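Nothing here was measured: the structure is a model prediction, and the numbers come from that model. When a ligand or atom number is given, it counts from 1 through the structure's own listing order.
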Amino acid sequence: MGKDVIIACDFPSRQEVLAFLNRFAGEERKPFVKIGMELFYAEGPEIVREIKARGHKIFLDLKLHDIPNTVMKAMRVLSGLDVDLCNLHAAGTVAMMKAALEGLTRPDGTRPLLIAVTQLTSTDQQSMEEDLLIREPIEKVVRHYAQKAREAGLDGVVCSPRESAEVKEACGKEFLTVTPGVRFADGDTGDQKRVMTPAQAKEIGSDYIVVGRPITGAADPVAAYRRCLAEFLD
Ligand code: C5P
């Protein structure tokens, strides 16, 4: 899979997400879609099948984190959904990440791409130290978790666009970086604190950008999507 813009479809129901995706019916390029916890827990696996059947690639963003055996079995279920990309928390340890890969791999050897969350972008140095008792600088923690994900055999990490270059340096340029926190230069940042434009994300080497509200909340979502593609890919 090449570089792409992934639309975060953070909608509460089937009806709303399908109404949104219907706007893209005439587009030559079917958007790559991210389905998160809200929609998945509301509508269940059927919504994944339905969107996949419409021809979209799917990033299933469920961020698994549990004992290795449980994650392996859950991943086995997800591999049957034929998604393209899924994820887990690197904090679950290398053993958990390896078990996840085992569960995700189908009998014919194929599997969706698997990436790890290092530290959530909502976690800052202070909360990491006080709540998690991790006293290293956050950049070092992100780098270490990315290296552990690579050691476990994963394909990449979710990280802030600002961490992308550092992760590539530590893990190699083939190691995927999937970056949320993207905003247009003239747009609202909302609750995202460390943002980058699609053009900047391209510059620093992100493989996929995850864009939600700048597209889903736009007056013309199709135009906003096209603008993202043009800035990120061209
Ligand atoms: O609307 P917005 O562009 O901020 O959406 C970003 C998407 O990426 C949301 O679905 C959010 O949950 C997700 N995400 C994030 N930061 C992370 C991991 C995921 O913003 N560290």
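- Ring pair F24/Y225: centre-to-centre distance below 6.0 Å.
- Side-chain N or O atoms of T216 include one that pairs as donor or acceptor with a backbone N or O of G212 at under 3.5 Å.
- Scanning all protein heavy atoms for the shortest distance to atom 11 (C) of ligand 1 gives K34 NZ, 4.3 Å.
- Interface atoms of ligand 1 facing P180, defined by a heavy-atom separation under 4.0 Å, are 8 (O), 14 (N), 15 (C), 16 (N), 17 (C), 18 (C), 19 (C), 20 (O).
- Numbered from 1 in the order shown, with element, the atoms of ligand 1 that lie under 4.0 Å from a heavy atom of R183 read 1 (O), 2 (P), 3 (O), 4 (O).
- Atom 17 (C) of ligand 1 has T121 OG1, 3.4 Å as its closest protein atom, hydrogens excluded (heavy atom only).
- With ligand atoms numbered from 1 in the order given, ligand 1 contributes 1 (O), 2 (P), 3 (O), 4 (O) to contacts under 4.0 Å with heavy atoms of R213.
- Applying the 6.0 Å contact sphere to CG of D220 captures more than 12 heavy atoms from other residues, nucleotides or ligands.
- Using modelled atom types, one finds a donor on one side chain and an acceptor on the other under 3.5 Å when comparing Q125 with E129.
- The shortest N/O to N/O separation between K63 and ligand 1 does not fall below 3.5 Å.
- In this structure, the side chain of E43 engages the main chain of R14 through a donor-acceptor pair within 3.5 Å.
- The P214 neighbourhood of ligand 1 comprises atoms 3 (O), with distances under 4.0 Å to a heavy atom of that residue.
- For the residue pair S127 / E130, no side-chain donor-acceptor distance below 3.5 Å is found, with atom types taken as modelled.
- Distance CD/E166 to OG/S160: 10.5 Å, rounded to 0.5 Å.
- Atom 3 (O) of ligand 1 has its nearest heavy-atom neighbour, among G36, G217, G212, G187, in G212.
- Here the straight-line distance linking atom CG of D155 with atom CG of L113 works out to 4.5 Å at 0.5 Å rounding.
- Short contacts between ligand 1 and D10, defined as distances under 4.0 Å to a heavy atom of the residue, involve ligand atoms 9 (C), 10 (O).
- Looking at atom 20 (O) of ligand 1, its nearest protein heavy atom turns out to be Q192 NE2, 2.9 Å.
- Between D61 and ligand 1, not a single N/O pair is under 3.5 Å apart.
- The A8 neighbourhood of ligand 1 comprises atoms 7 (C), 10 (O), with distances under 4.0 Å to a heavy atom of that residue.
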